[in-house]
Amino acid sequence: MGGAKTDIKLIDENGLRFDGRKPDELRPIRIEANVLKRADGSAYLEWGGNKVIAAVYGPRECHPRHMQDPLRAVVQAKYNMASFSVSDRKRPGPDRRSQEISKIISEAFEHVIFTHLFPRTSIDVYMEVLQADAGTRCAALTAASVALADAGIPMRDLVSSCAAGKVQDTIVLDLRKEEDNFGEADMPLGIVPRTGEIVLLQMDGDLTLEEFNKTMSLATEACHKIYELQKDALRRKYGVTDDEDVQESVDAVAESVPDRQEEAEEAFEDEQEES
Amino acid sequence: MGGAKTDIKLIDENGLRFDGRKPDELRPIRIEANVLKRADGSAYLEWGGNKVIAAVYGPRECHPRHMQDPLRAVVQAKYNMASFSVSDRKRPGPDRRSQEISKIISEAFEHVIFTHLFPRTSIDVYMEVLQADAGTRCAALTAASVALADAGIPMRDLVSSCAAGKVQDTIVLDLRKEEDNFGEADMPLGIVPRTGEIVLLQMDGDLTLEEFNKTMSLATEACHKIYELQKDALRRKYGVTDDEDVQESVDAVAESVPDRQEEAEEAFEDEQEES
Amino acid sequence: MGGAKTDIKLIDENGLRFDGRKPDELRPIRIEANVLKRADGSAYLEWGGNKVIAAVYGPRECHPRHMQDPLRAVVQAKYNMASFSVSDRKRPGPDRRSQEISKIISEAFEHVIFTHLFPRTSIDVYMEVLQADAGTRCAALTAASVALADAGIPMRDLVSSCAAGKVQDTIVLDLRKEEDNFGEADMPLGIVPRTGEIVLLQMDGDLTLEEFNKTMSLATEACHKIYELQKDALRRKYGVTDDEDVQESVDAVAESVPDRQEEAEEAFEDEQEES
Amino acid sequence: MSKNILSDISRDFIYKLIEKGQRLDGRAKTEFRKVEVETGYIGTAEGSASVRLGNTRAVVGIKSILGEPYADTPDTGVLTTNVELIPLASENFESGPPGRDAIEIARVVDRGIREGKAIDLEKLCVTPGEEVWINFIDIHALDYDGNLFDCANIGVNAALKSAMVPASQHDKGEDYPFPVKHYPISATFVKISGHMVADPTYDEESVASSRLTIATVENGNLCAMQKGLGGSFTRQEVDQAMEIAIEWGKKVRSEVLNIG
Amino acid sequence: MSKNILSDISRDFIYKLIEKGQRLDGRAKTEFRKVEVETGYIGTAEGSASVRLGNTRAVVGIKSILGEPYADTPDTGVLTTNVELIPLASENFESGPPGRDAIEIARVVDRGIREGKAIDLEKLCVTPGEEVWINFIDIHALDYDGNLFDCANIGVNAALKSAMVPASQHDKGEDYPFPVKHYPISATFVKISGHMVADPTYDEESVASSRLTIATVENGNLCAMQKGLGGSFTRQEVDQAMEIAIEWGKKVRSEVLNIG
Amino acid sequence: MSKNILSDISRDFIYKLIEKGQRLDGRAKTEFRKVEVETGYIGTAEGSASVRLGNTRAVVGIKSILGEPYADTPDTGVLTTNVELIPLASENFESGPPGRDAIEIARVVDRGIREGKAIDLEKLCVTPGEEVWINFIDIHALDYDGNLFDCANIGVNAALKSAMVPASQHDKGEDYPFPVKHYPISATFVKISGHMVADPTYDEESVASSRLTIATVENGNLCAMQKGLGGSFTRQEVDQAMEIAIEWGKKVRSEVLNIG
């Protein structure tokens, strides 16, 4: 948390936030799957003032070579903020913050992707923040999850993500930039909605145990809402009409795995011969 | 030499130095072998205000690959100063000075290590200066030498090192920081004690031929004293009681060489198969 | 173009330039072939206030490996300005400008070198600007062309290069630094003299279509003059006396190609075995 | 881009088509793809545009900060153009600092803007010799289907047109529109099997032997040129490209940028 | 750390033990290793500590220089935390700038200190808006046997406790103790074969599926959390870890740092 | 240089010759190659020299700019020596920032100049504590045939001798010659098969086991030494090298630099 002081009244006398939201209210979210031609899978997401685009390439030959795992695919997620995405221009290239976020997002996806189906390959997930307004790591994780499904990568489930935190002693959902800067705690969460497993969790600020429990519950509920939006986006793209069908289409992907695996193996052999 | 001017009286009317030492007197030295669990060999050294820790890994697969020598092991010594080891914080990472020191220390060890026994491998020597007070390259070389013995690396002999120089027209041994900054010459020396061969030699400042001879003799004598301290440290660790025994234990290491060589070869073959 | 304002009269009342040249006059040019022992081919060129040295190594094993082309040699030209070659010291190392120039010079040579004769190899061309006075890319390309011939690299023809541009509304040939800084347009051109093909072309500034045509013609003519100087330099070095002979000697190089190709193949096989 | 790999079959197919004057996507040899531009796309930027040229897509953002002018141009603002070929946009782009391809595109786009006198840089000076606006034009490729040169060029023009100098935010008076004087528009051509085509796709680039970019301004004058790739052009081809480039410039200015 | 390689036999052995609630070194699942701390270890630093957590060992040094504050926090000192995983400490550490592992540790340690309000940063301001103390906390791993997160955290707390602001040396009045307000202590857990264990060793880390670090302050409040590695945690596991983390924090503060 | 590769035949031949006290190019063991120097070679530099030592060739350029002195030496100019082993000069040199070989040469040359008090650095101070001349000595290898240490050393001495401080250009009074007080000259030796030879060629370096560089000033005093490579020297060898180094210094000063 920025911890900086402010005179801004972030919570008004009616318990509403400075942008009029209720404490447990999400900002507007719009997700679109398959927005890029070149990538194997992609998604575009607007979440309040955030604009994020995610693309997936792979499974494909793993670079650098020494990262190859003979038993499974390596998930290489890269989170990047465009230089113009923030009010003070950001120097291009990865800083320490974005390297940390890339690492924890990579790890979050490792849990849901059937990596053992594609040994020695890499599944590369790129997330580009074009416009930022707090909560970009949750937005990036959410968008990337849809891009992975769009790429037909076999997964146990999508990953859904949202943050909650504390602002002027109120537990609130989905903090905006001002709330992040002047608030008291922020906790980004990423879960596997079907099982409730936690695959991404960070926290910074100050929370009592009780406040932590409330924050956790708020964020978890929101993840489930976001899960619906993710499925909606895939549904709109693939013309299936209800949850069952999305499930079926996921299953269909899973069934096609043997073929994809063969492909991957052939690609690997070709590459071996070439080198 | 710093060459800066000073009003400090570095040599007093009795011919003593500002810290009370006689011109040919070493600062207190303490060496301890085998101080780290993870490394194959290690040593800790306090030498006046210097604190240095050295670790050895290897013989092991040589990285980067293009450094591999099909006929012998490559000795890769890395000297590094911790950011907090000097009064003005040093930026982390190798500067030109530490790269030069790493190079000449690597070369000094090449002469004593039986590198031909471990072709294609690397023997990696890391020296970390935790606290610095002039003479750190001699301290690092001395500590690393003990760490190499502790790692059981077969060597013709240890390398022992000490500097001498000129301060306010007096030839003195083992300069401290103030003497280095305001003195007229400094000459770090590293020798193979049993043969007297010179394996490290640098000099900067101003010395007549006569002064050079005196400086050289002073540093050489000190190297022999330091050799005893190095053997002491190994003796204390390995419970042997006199010089002969140290020699024997060195020989024992030498005898075990064929085994180690086999190991190295096997490791190499495994690696070949993998790649 | 610098576009900066100036009071300097770059064209006088007689239509002469501030250094006394006529608009279509080249600065003095001196080329010498084979000036270095270590390189496979080399050339030194003085062109007005420019001093450039070029060296060629290859065909040789291609580094980095991933640049290798199984069907042809890769031409890797590197243009570099020495730190002391300009009035404000240049930081050592490639900047964006020199990377762009290296790229377009590499591409210019790809068109004339028989790259398919040396698959998987690299032909490395290094151009070092020791003293700069505008037009260095043309000077470097011209010198490198002679160095390639000196190295016996089989080529369809030399590449010859010269710039023309606009200064105070006059179309002029071969701009000097002041003319480049305060002029209105500069257009470096590189051609294959025997066919007139354009292999390097850049332009910046402001030209009407008519001015462009005039500039193009002026630069093209100059390229042909420079072609003669290049052949002269090779002639002086190899003791042949006229154009026919230079042609013959080029043909002789071409005939020897099968041998060189064998060499290259053997080198490649050796390397394969080693690795 | 250097690493385009196309199957031999596709390659041959493109060659055969071009011999008949045809292209994979049905365009005529001198025809450009459809352009779509959305300005003001990035709220955190001083000016921005999302631009599509066929399936090639990029986002351009302009950020301005206060800083010192260069010693030799004390009364003019500073312009820096940067291209990021992020790996999101193509399997051939790699992470890391801009490589030669990105640098060439950035420098050619920059040259067009700078030499075409697009911006009145003196109006980006706050206090001569002391304080000027330093302007970063950042171009992010999002989807790569060839000819980023022209896609980026249009995006930068559109972003400049919509940009405001953020003066009020730094207590330097009121915000004012970027002082754009000209809209230099570039046109890019490649040669495939001896035939020159405009606005190449990714597949076409991968079989092209040479490339030529020409930027022109409103009055039809040239402001920048760049020949690339390992092939050559004849003088006639350059002349022909020039004519098309001038027409394309007019069309983009009137139909895409809605100027004049 | 990502490249830990353990033989299949060791791996199976660890798995079998943990099924019985046992660990290789005989500890209980929620038991931490022994901590040893020596403060004032580095004479050239403003504050320092040599710290051992079992066989894991690190040195922490704090250096302070004068510099300008950040524009948005003109009246507070600056804190920078850096972890060097030097190759001396493990065969898996490589030379070069900090990689992702080192960055993650540094940022998690930093977050604990910063969010736990360990330091009264306003007392590290010399002249608001002009001059403040810039403080570098450098953590050097010396011997790596797992859980550098907690080892570094304790080392930093100890180094801060012993540190003096070097004011007199820069003619800024007398030296004074670092304005430490709180001692945020972290506790790290991993999951092995479905079982959660505290303070993992190197071997345990190499077979762990997920990692959780929780930092708490004196009143039992949380100040930082970080989940790592490719596995997951349930809500119950997080709750359980939290309780242990609070206890561990109390123990370290009273027994290691001798506070209160 | 580390990567010299010589065929076994050449290697054996050099060994056999040296046993007879002979060298490939006919020189005696303690004989240096011919030196040729051209000063004022680079018009854009404050001082410069093109220097040849046998077939080894380098260009040295000196550039001076105004800047702040170091805090601990407020009244002296700053000197920076840089060696570029550009790939133009040898198949063993690679592009990129200076490697260990280049750094060692630069530092040994620098040490000779600095410790030999070649330059009166106080005369390169403009305003104590505020403004001094920052001097960059850049050494570019052009053709590498061994012993760049001595080739560079001579080049730097010659460049310094001819250099002018560019004061007028910066409105700091009239230009004046660089304040050179001494000409420290280095001599380099290698050991081949137990024999010490002076001024080694590329082929000799590639079979050498150890290297020694000694720099001396006019009065015969030593100012810098450096032992390199993986072999050793005896005390007698060092003494012998010293005598030759002193003679070589005298010869270079009188015959090449024309001093005294």
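Residue numbers start from 1 in every chain, and the chains themselves are labelled A, B, ... in the order their sequence lines are given, proteins ahead of strands.
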- Note on the structure: Taken to the nearest 0.5 Å, the spacing of E:Met242 CE from A:Asn213 CG works out to 6.5 Å
- Item | Charged N-O contact under 4.0 Å between A:Lys103 and E:Asp101 | yes
- What is the distance from atom CD1 of A:Ile198 to atom CD of E:Glu237, rounded to the nearest 0.5 Å? 8.5 Å
- Note on the structure: CG (E:Asp72) and CG (A:Asp88) are apart, to the nearest 0.5 Å, by 8.5 Å
- Item | Carboxylate-amine/guanidinium proximity below 4.0 Å for A:Arg96 and E:Glu104 | no
- chain A contact via E:Asn82 - side chain, backbone, both or neither, heavy atoms under 4.5 Å: both
- Message: Rounded to the nearest 0.5 Å, what separates atom CZ in A:Phe212 from atom CG in E:Asn221?
- Response: 12.5 Å
- Query: So which part of A:Ile104 gets closer than 4.5 Å to some heavy atom of chain E, the side chain, the backbone, both or neither?
  - Reply: side chain
- Task: Output the distance between atom CD1 (E:Ile103) and atom CD (A:Glu100), rounded to the nearest 0.5 Å.
- Result: 9.0 Å
- Task: May I ask you to decide if A:Gly205's main-chain N or O and E:Glu115's side chain share a donor-acceptor pair within less than 3.5 Å?
- Result: yes
- Message: For A:Ser102 versus E:Arg100, what's the shortest heavy-atom pair and its separation?
- Response: CB-NH2, 3.2 Å
- First locate atom CD1 of E:Ile214, then atom CG of A:Leu201, and finally report the distance between them rounded to the nearest 0.5 Å. 8.0 Å
- Quick one: closest heavy-atom pair of A:Ser217 and E:Arg235, and the distance? OG-NH1, 3.8 Å
- Query: Backbone N or O of A:Val199 within a donor-acceptor pair of the E:Lys227 side chain at under 3.5 Å?
  - Reply: yes
